[in-house]
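Below is one structure, written out as structure tokens; the observations come after it.
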Amino acid sequence: MADLDVVVVGAGFAGIYAVHALRSAGLTVRAFEAGSGIGGTWFWNCYPGARCDVESKDYSYSFSPELEQEWSWSERYPAQPEVLRYLNHVADRFGLWPDIQLNTRVTAAIWDGEASQWTVRTDDGAERTARFCVMAAGCLSAYQVPAFRGLESFRGPWYHTSRWPREGVDFTGLQVGLVGTGSTGIQVAPEIAEVAQHLYVFQRTANFAVPNRNAPVDPNVERALKAGYRQYREQARASMLGVPVEGTGRPALAEPAAELQRTYMERWQAGGGMPFLGAYTDVLVDRAANDTVAEFIRDRIRETVRDPAVAELLCPTTYPVGAKRLCQSDDYFAMYNRPNVTLVDVRSDPIAEVTPEGLRTADGFYALDALVFATGFDAMTGALARIDIRGADGLPLTEKWAAGPRAYLGVATAGFPNMFIVTGPGSPSVLSNMVVSIEQHVEWIRDCVEYAVSHGYSQVEATSEAEKAWGEHVIEVAYSTLFPMADSWYVGANIPGKPRVFSPYIGGVGTYRARCDEVASAGYEGFVLTVSLADCRRLAVSVSVNPQAQQVLDGRAEAGVPPTWEQTPEEARAGFAPVREMIGPGPDVASVRDIVIPGTAGGIPARVYSPVANPPGTVVYYHGGGWVLGSVDDWDACVRALAVASGCDVVSVDYRLAPEHVFPAATDDAYDALVWVAAEMAGDRPLAVAGDSAGGNLAAVSALRARDSGGPALALQVLIYPVTDHDLDRESYRKYDGREFILNKGDMAWFWDHYAPDPAARSNPYASPLRATDLSGLPPAFVLTAEHDPLRDEGYAYADRLRAAKVPVEHRHYGSQIHGFFTLVNVIDDADKAAAESGAAIRAAMEG
Ligand code: N01
């Protein structure tokens, strides 16, 4: 049993909210944070001038309306200390501290498939196990210092902005060198210039920057915002960038020049980067449109910086504006008018080495007392690469991502079950307001974990196919824009040797959210949800019976329905009438007709359900009832539901029943019907077999017989809590021995006694397909099991044997359901869900 439900790695904006959200869902959670305080990015980046470039009203949690109302930001763009105060307030307010462990770096996370849990190691030597692992380690937390020759010989102190001493640094009267002119360098430079004797800025690539126009928050504006905060947040969630931005809705290239300049100037005066990039619809997709913005900003730089040569050096020309993060500063360019600031172009005069006294370029030497690196991060993947993460079969994440990160929806990666990444590569993350994206991811992950736990699944894993398709979509969208044209950290270009892959998803926050919601409401499409048998046993202790199923059981108890094994076959068969009445009619199907299939032992009655005119395939269905009970009439409702869900013709077969006709009569009829449907009905369309309980047995056996007899070819076998073996000495039989859960061990013994009175016959693989020596070459399987079902373990065993024989298996386990629930449409909601899931599997197999 795992120590925890969830381990969260990191306690920044993402980790903090993950602790709150998962804990509120009733899960046990622990977050490990390497820092001595919470805040992540906002803890580490405490360099002078650190300030958020998203407005405080947007860069704050929306999950709690009370928090939203009670907190007041002092400035339009919050400075680092204020963001940190806010996050500490959140941790206090929601009592999160007991579940956050500071000063603890996660060093390894190893997946244990047998136990369905992660083993998480930390740098204090401790080890914890958790069923789920949420990586909230940050997109920009693995800082990078360039490998300059001689750095270790430097006599003065050097600093990376992302590991700034908490006590601060006094540069008064010093000669300081600053390497890096990204968002960070642009913020820290004016602060250093203010006190240093001289600041040398070593610039490799000039950066676009627009003003912040930072100011104190006007209380009237704040009041108005808070009065309509909920609607405002909704707009943010549906927006492109996670911030409602008002654009003109027109392309820049269609705009008259004067109007264009007026729009840009208005936005320049108002401050902020997003309104600039969102002003026109074509700015980020058309280079000529982009040039109109670029040239506008270059003109402002030329206007501000007095030395024309310096101004030209500060004008970016090699990439489209916005393709690297658009920087924001009110005083960066003006700083170059100070006499104590020198811009050094290390593109034309590259840095050669650091010496004890300073920094040498190819053509010059700069004596320095201190060096500051604002050289950025191994973004998006660096933080995870620094943890030894190993998924199924011990595969290291770094190996899987050697050619670039791959993650379905940016939230999960195939081969790493139960691991979620908050704002991972393939999600909007760094191209959006991070807080909005973090909240969306955390809530989605919480819902997914809750779904898995409440349905009794112990493993949730993205499929490689879904991951591949999503990755292709991310790239396709990226290459329809100008973003990939810059050598930015978005493509990993800032890290020598890193594969060039555009990581974030640029399709927009609103679009992305809608896709994630669709995936969830389709039962986590693109994910495989399974339960290990070990977990299944463990969960059984805690997973209670579904309330609707319990009502059915209570109803039977009240009516005094005796166990099947105490009845005669005739009595038990008659018992279906009240059940049919309880279920009522199934869904309408366009056409339903009864036929008689010529079998080798005589006519086999069957019913054909045709939901549409041109179905993609045909399914042959075998009802349950222990080979003794049941008929197409008794199974009418659930077969209708399956026909509707699959969109396929379904032929429901009334095979001969025992004890009048013992083994192999039922399987002979089942196989004869299949052969006939293949020849006479299916035409060129694909064919599948399906069945529940004893009908699941007949479906599995028909698939075996089709393989052994050279046909017909099958696209899928749908095995709903199938009987696969006559051994009644399994844990699930022991558990339901004598307990009335629709089916119990005594009932199954009774069924076998009637179906195969000769005990030797029961070991025939056409009676107990689990006993077949070879299951290879069988069609793909969709296996459904229920928790409170004596047949649970043999369903698992068959799915495992099929997998071992390299047969693709999709296994769904209904963790709170009882045997027989599939037939109880209109009574138990999960029956409709199971029909929908089986139907979807059938449709997918038929279509491709
Ligand atoms: O890092 P960066 P950052 N020799 O990678 C230069 C967020 N953020 O920390 O462009 C010489 O952008 C490098 O040069 P080049 C924001 O998302 C937000 O500034 O590679 N120079 C570049 O100039 C941002 O995008 C806020 O040629 C070297 C700089 O170092 C992200 O964090 C504030 C070099 C790195 O720029 C990262 O920003 C701060 C070398 N060997 C950060 N190696 C706000 O919210 C690197 N460089 C306002």
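In this structure, the ring of His20 has its center less than 6.0 angstrom from the ring center of Phe63. The aromatic ring centroids of Tyr143 and Phe377 lie 6.0 Å or more from each other. His198 has its ring centre no less than 6.0 Å from the ring centre of Phe171. Ring centers of Phe373 and Tyr159: at least 6.0 Å apart, outside the cut-off. Between Tyr59 and Trp73, the ring center distance fails the sub-6.0 Å criterion.
Taking 4.0 Å as the cut-off between side-chain N and carboxylate O, Arg390 and Asp388 count as a salt-bridged pair. Comment: Arg105 does not engage Glu33 in a salt bridge, judged by the lack of any side-chain N to carboxylate O separation of less than 4.0 angstrom. Using a cutoff of 4.0 Å between basic side-chain nitrogens and carboxylate oxygens, Arg155 and Glu357 are scored as salt-bridged. Between Arg204 and Asp345 no salt bridge is recorded (no basic side-chain N to carboxylate O distance below 4.0 Å). Contact check on Glu439 versus Arg233 returns no salt bridge, with no Lys/Arg side-chain nitrogen under 4.0 Å from an Asp/Glu carboxylate oxygen. Taking the charged nitrogens against the carboxylate oxygens, Arg93 and Glu66 have no contact shorter than 4.0 Å, which rules out a salt bridge. Salt-bridge check for Asp330 with Arg213: failed, with every basic side-chain N at 4.0 Å or more from each acidic carboxylate O.
From Arg76, atom CZ reaches atom SG of Cys52 across 12.0 Å, with rounding to the nearest 0.5 Å. The distance from atom OG of Ser141 to atom CG of Asn45, rounded to the nearest 0.5 Å, is 9.5 Å. Annotation: the span from Ile192 atom CD1 to Met335 atom CE amounts to 9.0 Å, rounded to 0.5 Å. Taking CZ from Arg128 and CG from Leu4, the interatomic distance works out to 5.0 Å, rounded to the nearest 0.5 Å. For the atom pair OH (Tyr512) and OG (Ser427), the distance works out to 5.0 Å, reported to the nearest 0.5 Å. With rounding to the nearest 0.5 angstrom, the CD atom of Glu191 is 11.5 Å from the CG atom of Leu199.
Using modelled atom types, one side-chain atom of Glu82 and one backbone atom of Ser74 make a donor-acceptor pair closer than 3.5 Å. Put simply, the side chain of Arg51 never gets that close to the backbone of Gln187: no donor and acceptor are under 3.5 Å apart. Distance alone, capped at 3.5 Å, is enough to place a donor-acceptor pair between the Arg166 side chain and the Phe43 backbone. Remark: side-chain polar atoms of Asp53 are not paired, donor with acceptor, to backbone N or O of Cys327 under 3.5 angstrom. Panel note: side chain Tyr229, backbone Lys57; a donor-acceptor pair is recorded below 3.5 Å. Panel note: side chain Ser239, backbone Val243; a donor-acceptor pair is recorded below 3.5 Å. Checked by atom type and distance alone, the side chain of Asp378 never pairs as donor or acceptor with a backbone atom of Ala142 at under 3.5 Å. Judged by distance alone, the side chain of Thr375 and the main-chain N or O of Gln144 form a donor-acceptor pair under 3.5 Å. Of the possible donor and acceptor atoms, none in the side chain of Arg360 sits under 3.5 Å from a partner among the backbone N and O of Glu353. With Asp123 contributing its side chain and Val106 its backbone, the two residues share no donor-acceptor pair below 3.5 Å.
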Trace of the side chain to side chain donor-acceptor pair (under 3.5 Å) decision for Asp124 with Thr122: CA-CA 5 Å; Asp124 55 359; Thr122 46; 2.5 Å; yes
For the pair Asn212 and Gln328, evaluate side chain to side chain donor-acceptor pair (under 3.5 Å) and give the outcome as yes or no after the intermediate values. CA-CA 6 Å; Asn212 269 328; Gln328 292 180 210; 2.6 Å; yes
Go through it in stages, so that I can follow the logic: the residues are Thr184 and Thr161, the test is side chain to side chain donor-acceptor pair (under 3.5 Å), and I'd like the CA-CA distance, side-chain angles, deciding distance and then a yes or no. CA-CA 8 Å; Thr184 304; Thr161 42; 4.7 Å; no
Test Leu314 against Gln203 for side chain to side chain contact (heavy atoms under 4.5 Å, CB included), laying out the working first. CA-CA 9 Å; Leu314 287 167; Gln203 171 189 281; 3.5 Å; yes
For Thr107 and Arg386: C-alpha separation, side-chain torsions, deciding distance, then whether side chain to side chain contact (heavy atoms under 4.5 Å, CB included) applies. CA-CA 8 Å; Thr107 54; Arg386 288 169 201 201; over 6 Å; no
List the steps and the verdict of side chain to side chain contact (heavy atoms under 4.5 Å, CB included) for Arg338 and Glu194. CA-CA 9 Å; Arg338 295 176 70 110; Glu194 205 53 52; 3.2 Å; yes
Side chain to side chain contact (heavy atoms under 4.5 Å, CB included) assessment of Thr181 paired with Phe202: CA-CA 8 Å; Thr181 52; Phe202 298 95; over 6 Å; no
Apply the test side chain to side chain donor-acceptor pair (under 3.5 Å) to residues Thr205 and Arg347: give CA-CA distance (whole Å), side-chain angles for both, the deciding distance (0.1 Å), then the verdict. CA-CA 7 Å; Thr205 311; Arg347 173 76 60 191; 2.6 Å; yes
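Looking at every heavy atom in both residues, Ala279 comes nearest to Tyr264 through CB-CE2, 4.4 Å. For Pro499 against Ala402, the heavy-atom pair with the smallest separation is CG-O, 3.3 Å. When all heavy atoms of Leu284 and Val321 are compared, the closest pair comes out as CD2-O, 3.9 Å. Taking every heavy atom of both residues into account, Ala374 and Leu178 meet most closely at CB-CD1, 4.0 Å. The heavy-atom pair separating Asn207 from Gly182 by the smallest distance is ND2-CA, 3.4 Å.
Proximity of Leu431 to Tyr490: side-chain heavy atoms (C-beta onward) are separated by under 4.5 Å at one or more points. For the pair Ser62 and Glu68, the minimum side-chain heavy-atom distance is below 4.5 Å. Looking at Thr423 and Met434, their side chains come closer than 4.5 Å, going by heavy atoms from C-beta outward. Using a 4.5 Å cut-off on side-chain heavy atoms (C-beta onward), Asn103 and Phe32 make no contact. Contact check for Gln197 versus Leu174: no side-chain heavy atoms found under the 4.5 Å cut-off. Pro48 places a side-chain heavy atom less than 4.5 Å from the side chain of Trp164. Val422 places none of its side-chain heavy atoms less than 4.5 Å from the side chain of Met135. Between Trp268 and Pro211, some side-chain heavy-atom pair lies under the 4.5 Å cut-off.
In this structure, Phe483 and Phe502 have perpendicular ring planes: the angle between them is above 60°, well past the 30° mark. Ring geometry, Tyr17 versus Tyr61: the interplanar angle falls from 30° to 60°, so the pair is classed tilted.
Side-chain contact of Ser56 with Asp58: a donor-acceptor pair under 3.5 Å is absent, judged by distance alone.
For Lys324 and Tyr319, the positive end sits near the middle of the six-membered ring, less than 6.0 Å away and at most 45° from its axis. For the pair Arg237 and Tyr232, the cation does not sit on the ring face, since its NZ or CZ is not both under 6.0 Å from the ring centre and inside 45° of the axis.
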